[in-house]
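Take a look at the structure below.
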Number of protein chains: 2
Amino acid sequence: MDVVPLDRELAETYASWFRALADPTRVQLLAILSAHGEPLSVGELTARLPIGQSTVSHHLAALVAVGFVHVRRQGTSSLYSVNPRCVERFPSAADVVMGRRPPEPAQACG
Amino acid sequence: MDVVPLDRELAETYASWFRALADPTRVQLLAILSAHGEPLSVGELTARLPIGQSTVSHHLAALVAVGFVHVRRQGTSSLYSVNPRCVERFPSAADVVMGRRPPEPAQACG
DNA sequence: CATTGTCATCGACTATCGTCGATACTCGAT
DNA sequence: ATCGAGTATCGACGATAGTCGATGACAATG
């Protein structure tokens, strides 16, 4: 804690969380899902953004990879929704980096 | 607000803030500066990280560009310290993306 | 003025990212 | 079994980012 308050491993975990929101499209995707509440399909999300379907699917996969978003297949479509637990853990990670909260061992959110 | 709760411009601003912390080295740099309180020079920061001096300087410039960090030249050395105003505004931006706070016109932090 | 110490910048290289079009895959319906 | 709708994946491209070593800029010191 004297030399480096955050060890490399925890710093990489936090960086991966921030990296998930380092693109304006992913920021908008998460904002849309958060505001809408109920799950949305890839087609519905693509209709609200000026990018192609494959790109939307790509960004959604990135959000799923870090746990911010959860996906559930229903018939031929995939329904995406926010993962409340990961989303709540994210601002606290920001507080840790800013020195307003003690570092915790960054448990994954199931 | 019905189609996209965050317009593209605000999303890009928030994404640039998150992108500033999308690298583990920058996360550690900000954590070191936050924990230490008083300003630190480039050499002192380089001594605590396993990377070269030019790389540290490069990352510090990125943190200054988004306003998270402030730099003050004193003699032959540059002293870096956290910018409390920008650092406080960052978690609220996270809340906006997560839908827990209404979007605000993202004013820059002097 | 010359030297030393500190930092920023430059050039180069590699790796990763964002995007697209095309294609493959999955599932329900006919 | 076939078809169509909805997604995911692939391959490719340009753009950006992270890193390093070397060099340049600048201030303090002698």
Side-chain angles (χ1 to χ4, degrees), chain A residues 4 6 8-9 11-33 38-66 68-81, chain B residues 4 6 8-9 11-33 38-66 68-81:
Chain A
V4 176
L6 248 68
R8 187 71 180 185
E9 183 180 349
E12 288 188 1
T13 299
Y14 287 167
S16 70
W17 295 359
F18 293 129
R19 194 180 307 116
L21 297 183
D23 181 86
T25 298
R26 286 194 294 272
V27 168
Q28 286 188 302
L29 279 173
L30 197 57
I32 292 172
L33 291 175
E38 298 182 4
L40 286 171
S41 68
V42 177
E44 292 171 319
L45 291 168
T46 303
R48 313 190 184 204
L49 293 174
I51 58 179
Q53 173 265 320
S54 66
T55 305
V56 171
S57 181
H58 170 69
H59 285 308
L60 287 172
L63 290 174
V64 171
V66 297
F68 283 160
V69 161
H70 176 253
V71 57
R72 162 172 60 99
R73 305 214 54 157
Q74 174 172 325
T76 156
S77 64
S78 296
L79 299 183
Y80 286 85
S81 55
Chain B
V4 176
L6 247 68
R8 186 71 179 185
E9 184 179 350
E12 289 188 1
T13 300
Y14 288 167
S16 69
W17 295 359
F18 294 130
R19 195 181 307 116
L21 297 183
D23 181 88
T25 297
R26 286 194 294 271
V27 168
Q28 287 188 302
L29 279 173
L30 197 58
I32 292 172
L33 291 175
E38 298 182 4
L40 285 171
S41 68
V42 178
E44 291 170 320
L45 291 168
T46 303
R48 313 189 185 205
L49 294 174
I51 58 180
Q53 174 265 320
S54 65
T55 306
V56 171
S57 181
H58 171 70
H59 285 307
L60 287 172
L63 290 174
V64 170
V66 297
F68 282 161
V69 161
H70 177 253
V71 56
R72 163 172 59 99
R73 306 213 53 156
Q74 175 172 326
T76 155
S77 64
S78 295
L79 300 182
Y80 287 84
S81 55

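Note on naming: letters A, B, ... go to the chains in the order of the sequence lines (proteins, then strands), and numbering restarts at 1 for each one. Note: hydrogens, waters and symmetry copies are ignored here, and every other heavy atom, side chains too, is used.
- Considering only residues two or more places apart in sequence or on other chains, Ser54(B) meets the side-chain contact (heavy atoms from CB on, under 4.5 Å) condition with none of them.
- Rounded to an integer number of Å, the gap from Leu49(B) CG to dC7(C) P is 14 Å.
- Taking atom CG on Leu63(A) and atom C1' on dG18(C), their separation rounds to 14 Å, with Å as the unit.
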Reading 5' to 3' through nucleotides 11-16 of chain D, protein heavy-atom contacts under 4.0 Å coded B for base, S for sugar-phosphate only, - for none: ------

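- Checked options Leu40(A), Leu29(A), Leu33(A), Leu30(A); the residue passing with Tyr80(A) is Leu33(A) (criterion: side chain to side chain contact (heavy atoms under 4.5 Å, CB included)).
- Looking at residues two or more places apart in sequence or on another chain, you find a side-chain contact (heavy atoms from CB on, under 4.5 Å) between Ser57(A) and Gln53(A).
- Residues that satisfy the side-chain contact (heavy atoms from CB on, under 4.5 Å) test with Ser81(A), not counting sequence neighbours, are Pro39(A), His70(A).
- For His58(B), the side chain to side chain donor-acceptor pair (under 3.5 Å) criterion is met by no residue, not counting sequence neighbours.
- Sorted by first and then second residue, the salt bridge (Lys or Arg N to Asp or Glu O under 4.0 Å) pairs with a member in residues 11-20 of chain B read Arg8(B)-Glu12(B); sequence neighbours excluded.
- When rounded to the nearest whole Å, the span between CZ of Arg72(B) and P of dA27(D) equals 16 Å.
- Rounded to a whole Å, the CZ atom of Phe18(B) is 18 Å from the C1' atom of dC17(C).
- For the side chain to side chain donor-acceptor pair (under 3.5 Å) test, no residue two or more places apart in sequence or in another chain qualifies with Glu9(B).
- For the pair Leu40(B) CG and dC7(C) C1', the interatomic distance rounds to 15 Å; values are reported in whole Å.
- Taking a 4.0 Å limit (strictly below) on heavy-atom distances, residues 24-31 of chain A does not reach DNA chain D anywhere.
- The separation between Gln74(A) atom CD and dT26(C) atom C1' is 15 Å, rounded to whole Å.
- For the side chain to side chain donor-acceptor pair (under 3.5 Å) test, residues two or more places apart in sequence or in another chain that qualify with Gln74(B) are Arg72(B).
- In this structure Phe18(B) satisfies the ring-ring contact (aromatic ring centres under 6.0 Å, His included) test together with Phe90(A), Phe90(B), sequence neighbours excluded.
- Atom CG in Asp23(A) sits about 12 Å away from atom P in dA17(D), given to the nearest Å.
- When the side chain to side chain donor-acceptor pair (under 3.5 Å) test is applied to Arg73(B), no partner is found at least two apart in sequence or on another chain.
- Counting only N and O atoms by type, the side chains of Thr25(A) and Gln28(A) include no donor and acceptor under 3.5 Å apart.
- Rounding to whole angstrom units, CD1 of residue Ile51(A) and C1' of dT19(C) are separated by 9 Å.
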List every contact pair, protein side and nucleotides 5-10 of chain D side both N or O, where the distance is under 3.5 Å.
| residue | atom | partner | partner atom | Å |
| --- | --- | --- | --- | --- |
| dG6(D) | O4' | Thr76(A) | OG1 | 3.0 |
| dT7(D) | OP1 | Ser41(A) | OG | 3.4 |
| dT7(D) | OP1 | Val42(A) | N | 3.3 |
| dT7(D) | OP2 | Gly43(A) | N | 2.9 |
| dT7(D) | O3' | Ser78(A) | OG | 3.3 |
| dA8(D) | OP1 | Ser78(A) | OG | 3.3 |
| dA8(D) | OP1 | Tyr80(A) | OH | 2.7 |
| dA8(D) | OP2 | Ser57(A) | OG | 2.8 |
| dA8(D) | N7 | Gln53(A) | NE2 | 3.1 |

